[in-house]
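Hydrogens, waters and symmetry mates are skipped; everything else that's a heavy atom, side chains included, is used. Convention: sequence-line order gives letters A, B, ...; per-chain numbering from 1. Quick caveat: nothing in here was measured; it's all calculated off a predicted structure.
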Amino acid sequence: MDVTLTIRRFNPETVDEPSWQSFEVSVQPTDRVLDALHTIKWEVDGTLTFRRSCAHGVCGSDAMRINGRNRLACKTLVKDIDPTKPITVEPIKGLPVLKDLVVDMEPFFAAYRSVMPFLVTDGHEPTRERLQSQSDRERFDDTTKCILCAACTTSCPVYWNDGQYFGPQAIVGAHRFIFDSRDAGGAERLEILNDREGVWRCRTTFNCTDACPRGIEVTKAIQEVKRALIFR
Amino acid sequence: MSSTVSDSTTAGPPPAPRSRKARGPGLHPEMIGWLFMRLSGVLLVSLILGHLFVNLMIGEGIERIDFAFVAGKWANPFWQFWDLAMLWLAQVHGANGMRTLINDYASRNSTRMLLKAALYTASFVVLVLGTLTIFTFDPCAAGSTLSVCSE
């Protein structure tokens, strides 16, 4: 079958403003949007620029806005998004576009780094592994699934308007350690998120939960951090 | 030969978390605002439903609402404080909602300041005027035909 992909193109070396360009490609209904992008890049226009690495929904490189929703191009089948109409593909919003579908991820990673996304411990290092019960592991299981694709953060209207907001992903990253029974840095992380630009900026619009390709209940995680702040 | 390595490829410890002013654990103004919205919301639901029930449902309902009805209610401190609570909670709840909208959507500092100044001024005027009205209400103001006033 033939589908039309309307792609937001931008080359800062030749033009000032992004523009739309349409490509018609032949795909199988069970092909992914990423396959269609590959066909364009490999057979039609080699200048089309996008990120992808594993191409199987694990690395989180190819988050993009497909038909107005943030998704991973490698997990979105053409047949699932009405191939009879043109499929629009744009870079994720709220981060500076470098070229075509590639954005500068640094502000996103900076927010992630600022919540200390690493195990903080106190006391002596144990001679064996740090044990954890199944129920303690269950407590933060959902937020361990994050692949840092930025689909949630760049679907958040508060993040679009205020680059200072940590964004949903950073809060998910903090949640993963705050509720880890082996971690001792929870109080410090909560204090970082108890900021003017922290969890209180969340407007509970659920865009992040809808956008997450891993099915993480992002808004719920943010609410749990708020509750932890109130009842600490 | 030495070569320059760009920052992003240099291995090293992660940078320190963003430096922040020391603030004891507990109450951040934004947290108080967030909590206030929830608590005042719950209170307002019961206050407003109670208000609507008493004014519209009991007895003859909407038919009896006139100057005398309001004068009668405000002769009772219970209703004075009920209305005062509705006024303050609703006004502060609404103003705080507008404040967050302005913070979310006005990106220029000067625009934000201007909008917030207008918001706070308007809220202040409404609160002062409303509070004055509730407590200084005189049922026998000029032209009143209420029977209690002719005694």
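- With a 6.0 Å radius and a threshold of 12 heavy atoms from other residues, nucleotides or ligands, R137(A) has its CZ atom above the threshold.
- Between L229(A) and M31(B), the shortest heavy-atom distance links the atoms O-CE, 3.4 Å.
- Applying the 6.0 Å contact sphere to NZ of K145(A) captures more than 12 heavy atoms from other residues, nucleotides or ligands.
- Contacts of residues 83-112 of chain B with chain A at a heavy-atom distance below 4.5 Å involve T100(B), N103(B), D104(B), Y105(B), listed in sequence order.
- At least one side-chain heavy atom of R196(A) sits less than 4.5 Å from a side-chain heavy atom of H28(B).
- Separation of atoms CD1 (I32(B)) and CH2 (W200(A)) is listed at 10.0 Å; rounding is to 0.5 Å.
- Distance check, rounded to the nearest 0.5 Å: CD of E30(B) to CZ of R201(A) gives 7.0 Å.
- Looking at L190(A), neither its backbone nor its side chain comes within 4.5 Å of chain B, counting heavy atoms on both sides.
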Next item on the list: Show the numbers, then the answer: is there a side-chain contact (heavy atoms from CB on, under 4.5 Å) between I230(A) and W34(B)?
Entry: CA-CA 10 Å; I230(A) 290 170; W34(B) 188 89; 3.4 Å; yes

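- Within a 6.0 Å sphere centred on CG of L132(B), other residues, nucleotides and ligands contribute more than 12 heavy atoms.
- When the shell of 6.0 Å around CZ of F135(B) is examined, it contains more than 12 heavy atoms from other residues, nucleotides or ligands.
- Counting non-hydrogen atoms of neighbouring residues, nucleotides and ligands closer than 6.0 angstrom, the CZ atom of F137(B) exceeds 12 such neighbours.
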